[in-house]
Amino acid sequence: MANRLLRLDRRGLVLVYIFLGTLRESGARKIRYSVPEETDKGFFVGNISKDLGLEPWELTERRVRIVSRGKTQLFALSPRSGSLITAGRIDREELCETLSSCLLNMEILVEDTLRIYGVEVEIMDINDNAPSFREEEVEIKVSEHATPGSRFPLPNARDPDVGINSLQRYQLNSNSYFSLQVRGGTDGAKNPELVLEGSLDREKQAAHHLLLTALDGGDPIRQGAVPIRVVVLDVNDHIPKFTQSVYRVSVPENLSSGTRVLMVNATDPDEGINGEVVYSFRNMESKASEIFQLDPRTGEVLIRGSLDFEKYRFYEMEIQGQDGGGLSTSAKMLITIVDVNDNAPEITITSSTNSVLENSPPGTVISLLNVQDQDSGENGQVSCFIPNNLPFKLEKTYENYYKLITNSELDREQVQSYNITLTATDHGSPPLSTETHISLNVADDNDNPPTFAYSSYSAYIPENNPRGASFFSVTAVDRDSRENAQITYSLVEDTLQGAPLSSYVSINSDTGVLYALSSFDYEQFRDLKLWVTALDSGNPPLSSNVSLSIFVLDQNDNAPEILYPTLPTDGSTGVELAPRSAEPGYLVTKVVAVDQDSGQNAWLSYLLLKASEPGLFTVGLHTGEVRTARALLDRDALKQSLVVAVQDHGQPPLSATVTLTVAVADSIPDILADLDSLESPANPDESSLTLYLVVAVAAVSCVFLAFVIVLLALRLRRWHTSRLLQASGGGLVGVPASHFVGVDGVRAFLQTYSHEVSLTADSRKSHLIFPQPNYADTLISQESCEKSEPLLIAEDSATGFGKCDPTSNQQAPPNTDWRFSQAQRPGTSGSQNGDETGTWPNNQFDTEMLQAMILASASEAADGSSTLGGGAGTMGLSARYGPQFTLQHVPDYRQNVYIPGSNATLTNAAGKRDGKAPAGGNGNKKKSGKKEKK
């Protein structure tokens with residue numbers, strides 16, 4: 001049980017200790033010192049560091065300073081000794097003139113902890129003031145009939161010191177008529193009086209001169225004296241009498257100068273000058289004499305200066321009334337000053353910071369301030385507040401001290417600075433208020449990453465750009481400031497076609513300008529995508545990315561490329577065939593070209609630059625089709641050379657040219673006949689090779705000649721029938737008109753031949769034709785019927801041609817399996833200007849053979865550098881397409897093959913190779929009366 005009580009006692013002591021410590025920390029008790037007045041500057045007052053529990057050197061480190069309410073700093077802190085010292089001379093009478101105890105209050109602020117400690121210093125009085133009288137000389141009038149014991153008041157002396165150093169006693173010089181008597185007042189004042197000891201005789205002595213001395217109790221004793229002149233008067237029977245012995249009045253402190261406070265009145269029943277009363281102040285303090293004024297005739301008390309409740313709240317004065325006979329009386333006047341709310345509150349910024357970091361936690365102290373009002377009562381009660389729309393609040397700490405703290409986190413990007421208005425308002429009527437302003441800057445914190453204006457960017461750069469040239473720029477904005485807003489740009493590492501992205505594009509790290517490190521080629525790649533990073537310089541740094549798509553713009557840097565006709569690899573020149581019977585607009589060939597560029601740079605136009613015979617051929621501007629401009633004449637040369645230019649629409653335009661060689665002839669004999677004018681080859685090796693080819697062709701020709709002889713023998717059997725047809729003159733009656741095709745006025749006999757001809761320069765005189773008939777569709781003219789030529793009579797038409805009946809064989813409808821649609825035509829535009837109804841020959845293989853051999857023969861005869869035989873599987877085409885050309889390497893260019901004498905293009909004629917008879921085409925429906933040249 002005893003141990004339990006002991007534990008309870010210990011707990012109680014701990015609680016008491018904690019409570020006392022809390023009181024000490026909160027400043028519950030004040031630190032008190034005393035210092036005598038009139039000390040020199042630097043006089044030791046007290047060891048403040050010890051009383052605060054600090055070391056002397058901590059005063060500076062912890063920023064300990066004095067917070068004074070007055071305008072004059074009376075004390076200072078010594079950082080060396082940690083003592084409180086005087087800052088200058090202190091005059092107690094100036095600070096506390098009417099107070100018996102002079103106490104000065106101040107606060108000590110420890111800034112690092114924002115703690116306030118109250119300090120009270122008592123100013124001790126010293127005997128530095130001697131008693132003094134306001135009057136330089138006092139005159140007292142006494143009637144000669146005055147009875148002994150009469151009292152006459154004397155002026156009081158004034159000593160601003162207090163205690164023992166204040167006024168203690170009066171002395172009067174010795175004389176036989178008067179004595180001094182001091183009477184104590186209700187307020188403790190000593191009022192001297194002159195007492196008449198004996199009868200006066202004016203006739204003996206009309207005036208008496210006395211000296212009144214006032215002494216204090218200091219060490220040494222100080223004194224002051226005033227001379228007194230007593231004038232003996234004739235008899236005055238009545239003394240003036242005031243209506244009140246004490247006059248009391250309360251006036252507000254805001255009365256203006258000249259305002260009447262009250263009026264005193266004294267009456268004297270005497271007549272004449274003895275009944276006239278004159279008023280004056282007696283024993284009036286210097287402060288009161290500056291504020292109040294008394295009219296000596298009327299007794300009105302007026303305001304002379306300004307009243308101030310905060311300095312003097314009460315005035316006590318004595319008014320004397322004296323008649324003309326020298327008799328006087330006195331009365332007291334007590335004036336109470338009533339406080340008026342005439343002082344606005346005062347706000348003193350004790351400690352403040354002008355900058356605070358954004359995102360600081362709520363409760364961060366911004367400023368420490370003191371608010372006071374010199375008025376009293378409700379007029380001195382002050383409330384302090386700030387606007388509600390600010391993220392701050394005021395908290396009261398110690399007495400009239402407030403601290404301004406943050407109420408929420410600050411954001412510099414929204415508000416960079418605050419101008420905080422502090423308002424202090426008292427509770428008077430009407431209330432007065434005071435405002436002061438605190439400027440606070442919000443310091444930046446790196447809390448915002450750089451941002452781009454757009455989520456993605458697109459840049460366009462022409463190909464073949466110069467290296468190192470800038471082509472685009474990106475800009476990011478950081479809402480932070482200073483180094484937190486300094487942005488560095490970079491590219492995210494990536495690869496493009498196996499090479500690092502940095503080898504193509506670079507970026508200026510400061511400005512965000514992008515540079516092309518290489519020259520881009522639209523034909524290699526048309527676009528690339530990269531990521532740009534914007535990084536600020538904050539700690540830690542923040543960044544953001546944005547995508548940039550770079551599009552390469554096509555430039556006209558590729559000339560057109562001609563696909564057809566292609567130049568042979570052996571150096572020979574390709575030859576196109578145009579029959580002499582071709583009409584104007586006849587399609588000879590077509591130039592096909594492409595451009596690797598795009599858009600307008602790939603739009604191609606075809607132009608005939610040069611021709612061996614101007615005006616003979618035209619070239620389609622957009623199709624590249626080479627057509628005859630007029631009918632071919634006999635005088636036109638066999639070999640026509642055309643230079644065709646292909647030009648794009650770029651800026652500047654680029655072009656390519658191709659040379660076309662056109663052989664003009666109706667048949668192989670015509671071509672061979674015109675070869676006489678061509679130059680023979682001079683190379684003996686090539687001549688021997690040509691000889692071998694001629695021998696081979698001769699052998700084949702013999703076999704073919706034998707076949708012709710057999711054919712003639714078979715047709716002799718029909719000789720009689722042929723003669724009858726000649727005699728009748730109308731042998732072509734049985735032949736349909738559709739078996740003839742009119743070409744430029746000449747009726748051409750439509751029969752397909754396939755030839756293999758080998759010629760040399762020595763065989764120019766040998767004009768041989770070896771026809772291999774195709775009996776699918778044979779047309780016989782009227783003259784042929786008359787001549788009865790065996791070559792024009794088919795074996796399966798012996799009966800039908802006997803009569804030449806035009807109605808016996810009707811024209812079959814056109815077969816549409818060989819026609820091209822508009823979109824399937826060769827060329828870039830896909831359009832044909834010619835007639836689509838041309839009839840394709842019966843045997844495609846024979847036709848290709850014939851065209852190839854004719855072109856090869858013309859080329860060899862002209863250049864003397866090529867052979868006609870070719871290797872196995874070449875079909876005699878090596879002269880045109882090169883020695884490496886075989887059928888298995890030939891692409892399906894049938895859509896680009898043009899058959900002279902026809903406006904149709906090749907399609908699928910595989911069925912015709914199988915011996916199927918094609919449908920009769922309408923072909924060229926013009927008929928001519930001219931004979932076909934053979």
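The figures here come from the full heavy-atom set of this structure, side chains too, leaving out hydrogens, waters and symmetry mates.
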Q) To the nearest 0.5 Å, what is the distance between CG (L542) and CG (D478)? A) 7.5 Å
Q | Inter-residue atom distance K50.NZ - S83.OG, 0.5 Å rounding | A | 11.0 Å
Q. Does a side chain donor of either E310 or N343 reach within less than 3.5 Å of an acceptor in the other side chain?
A. yes
Q. Taking atom CG of L432 and atom CG of N379, what is their separation to the nearest 0.5 Å?
A. 8.0 Å
Q: Measure from the side-chain N and O atoms of S519 to the backbone N and O of R467, and report whether any donor-acceptor pair falls under 3.5 Å.
A: no
Q | Between S376 and D339, a side-chain donor and acceptor under 3.5 Å | A | yes
Q | Heavy-atom closest pair, residues A443 and R412 | A | C-CD, 4.1 Å
Q.
I'd like to know if the side chain of Y418 pairs up with that of N441 as donor and acceptor (distance under 3.5 Å, no hydrogens or angles considered).
A. no
Q | The single option from I85, T86, L84, L74 passing side chain to side chain contact (heavy atoms under 4.5 Å, CB included) against V35 | A | T86
Q) Closest heavy-atom contact between A476 and A534? A) CB-CB, 3.8 Å
Q: Determine the minimum heavy-atom distance between E253 and F309, stating which atoms define it.
A: OE1-N, 2.7 Å
Q) Can you check whether I405 reaches T364 side chain to side chain, under 4.5 Å on heavy atoms? A) no
Q.
Between D161 and N129, is there a side-chain donor-acceptor contact under 3.5 Å, judged purely by atom types and distance?
A. yes
Q | Side chains of S49 and N47, donor plus acceptor under 3.5 Å | A | yes
(Q) Is any side-chain heavy atom of E38 closer than 4.5 Å to one of R89? (A) yes
Q. Relative to the ring of Y504, is the ring of F520 parallel (under 30°), tilted (30 to 60°) or perpendicular (over 60°)?
A. parallel
Q: Please report the shortest heavy-atom distance between V442 and V415, naming the atom on each side.
A: CG2-O, 3.8 Å
Q. Are any non-hydrogen side-chain atoms of N370 and I347 less than 4.5 angstrom apart?
A. no
Q.
Just so I know, are the side chains of V67 and Y401 near enough to count as touching, which here means a heavy-atom distance under 4.5 Å?
A. yes
Q. Looking at D536, D480, N484, which hits side chain to side chain contact (heavy atoms under 4.5 Å, CB included) with N448?
A. D480
Q. Regarding T533 and N545, is there a side-chain donor-to-acceptor distance under 3.5 Å anywhere?
A. yes
Q | Non-hydrogen side-chain atoms of L307 and N254 separated by less than 4.5 Å | A | no
Q: Please check if any side-chain donor atom of Y398 sits under 3.5 Å from a side-chain acceptor atom of E107, or the reverse.
A: no
Q. Is there a donor-acceptor pair closer than 3.5 Å between any side-chain N or O of S470 and the backbone N or O of V513?
A. no
Q. If you measure from the Lys or Arg side-chain nitrogens to the Asp or Glu carboxylate oxygens, is any gap between E37 and R92 under 4.0 Å?
A. no
Q. Roughly how far, to the nearest 0.5 Å, is OG of S502 from CG of L530?
A. 11.5 Å
Q.
I want to check something: taking the side chain as every heavy atom from C-beta on, are Q73 and I66 in contact at a cut-off of under 4.5 Å?
A. yes
Q: Please tell me if the side chains of F471 and L514 come closer than 4.5 Å, counting only heavy atoms from C-beta onward.
A: yes
Q. After noting the C-alpha distance and the side-chain angles of D51 and Y33, does the key distance pass the side chain to side chain donor-acceptor pair (under 3.5 Å) rule?
A. CA-CA 11 Å; D51 294 333; Y33 300 109; 2.2 Å; yes
Q.
Counting the benzene-type ring for Trp, do Y315 and F292 have ring centres under 6.0 Å apart?
A. yes
Q.
Looking at every heavy atom in both N341 and S429, which two are closest together, and how far apart are they?
A. ND2-N, 4.0 Å
